[in-house]
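Below you'll find the structure, written out as structure tokens, and then a few comments.
This one's a predicted model, so the numbers in the text were calculated from it and none came from an experiment. We name chains A, B, ... by the order of the sequence lines, and we start the count at 1 in each one.
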Protein chains: 2
Amino acid sequence: MAETGLARFSAREVAKRIGYSIGTLYNVFGSYDGLMLALNARTLALWAEHLRDRLAAAGEDRIKALVCGYFEFARDNPKAWIAIYEHHMADGGPAPESYQALAADLMSVAAGEVARELPDSRPETVLALTRSLVATVHGHCAFALYRTFSMLGETAPADAALARVRETLEAARRP
Amino acid sequence: MAETGLARFSAREVAKRIGYSIGTLYNVFGSYDGLMLALNARTLALWAEHLRDRLAAAGEDRIKALVCGYFEFARDNPKAWIAIYEHHMADGGPAPESYQALAADLMSVAAGEVARELPDSRPETVLALTRSLVATVHGHCAFALYRTFSMLGETAPADAALARVRETLEAARRP
DNA sequence: CACCAGAAATGAACAGCGTTCAATTAAAAT
DNA sequence: ATTTTAATTGAACGCTGTTCATTTCTGGTG
């Protein structure tokens, strides 16, 4: 996946490369969706691990570490990162609970830092703000990876995202 | 496309429905990429038209009209909207100039409103801020359509996006 | 009308895809 | 050695994008 990207990714090619038949792959993963889910779950877990590592090594500016960690992982694993968002269940339904738990874990990493920045806010407020901030960073990161930004002359999407996050946190601290 | 979504969309099915053979479709559009580009170009043009309509009918709060127009179009044409972002050229290269011009036009609609909000800012600053604001709104809109938000309990993504945009514009006005 | 050049349209053929499943092979238990 | 269970296989099906020699249509000329 990291090599070919979602569009050229295929279960048959995976079977070839691991030295098993396509039938065995289907016995294990059940379907293409199952294979993709396993793969994306791994990517999500690696992403969360990367963020926690960055936070553990961070100094005072933990928000910067978080936002930069977000961008770093996407930049270092662009095709796997994009696959997370571009794969959709064949039936259009939601992903299984175990997968959603990984996404929720990733969100909780961010929520922890937002809560630290806004110690006087209600947990409900912190969660709502976290969702919005993650969406903000995601938008910048997506435009960076889809080359929408480079097409428009943007050169430092991570800096812009961090500035937006800082503004929002500052506004939330005001009376 | 509006009916099936990108994943189930196929040139062969298009040929069937319009009553032409698959060969004729390829004579006209050259490739699957060509067909997709024509389709996405139409979606971009309709989107820009929708935004201009909303702005023309807007009262004082033109920023709200812009952000809401962004979300409305995506919500009313979810599969076509997603196709804009999820289709990638077969060779991974950039889209043709004529297509990029449509994306630039869409951005210029937003830039016009940002410039109106920040009359004392240099054009360069306005453009950079517009890119970042569009990325912010896009992130919220993408999470709304990908059901990432509903999975996390968010109920009013457009309101959150508008709040983020207002904060940034306010911060840009400060000394 | 017949003729013909150019444009338009065709669909079989090819390689690849996800998916299924009866048949086969390998491993474990008796 | 025999039986039972687990693991593995790959041909077959219908779908995909793509190509291109062939056919059909169309408008103009003599």
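Aromatic ring centres of Tyr85(B) and His138(B) lie closer together than 6.0 Å.
Residue Met89(B) contributes atom CE, which lies 15 Å from atom P of dG17(D) at whole-angstrom precision.
Each end of the helix from dC1(C)-dG30(D) to dA29(C)-dT2(D) gets its own axis from five base pairs, and the two axes differ in direction by 30°, given to 10 degrees.
In the interface, the side chain of Arg12(A) is not paired with the base of dG16(C) through any donor and acceptor atom under 3.5 Å apart.
Taking a cutoff of 4.0 Å between a charged side-chain nitrogen and a carboxylate oxygen, Asp159(A) and Lys64(A) do not qualify as a salt bridge.
Under the side chain to side chain contact (heavy atoms under 4.5 Å, CB included) criterion, Glu117(B) pairs with Ile63(B), Leu169(B), Arg173(B), not counting sequence neighbours. With sequence neighbours excluded, the residues that form a salt bridge (Lys or Arg N to Asp or Glu O under 4.0 Å) with Arg62(B) are Glu113(B). Residues passing the side chain to side chain contact (heavy atoms under 4.5 Å, CB included) test with Arg147(A), sequence neighbours excluded: Ser150(A). Looking at residues two or more places apart in sequence or on another chain, you find a side chain to side chain contact (heavy atoms under 4.5 Å, CB included) between Arg8(A) and Thr4(A), Ala90(B).
At a non-hydrogen distance threshold of 4.0 Å, Ile22(A), Tyr26(A), Ser31(A), Tyr32(A) from residues 16-35 of chain A come into contact with DNA chain C.
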Stepwise, does the salt bridge (Lys or Arg N to Asp or Glu O under 4.0 Å) test hold for Glu170(A) with Arg166(A)?
-> CA-CA 6 Å; Glu170(A) 189 59 37; Arg166(A) 290 221 155 101; over 6 Å; no
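Side-chain contact, His88(A) with Glu86(B): a donor N or O sits under 3.5 Å from an acceptor N or O.
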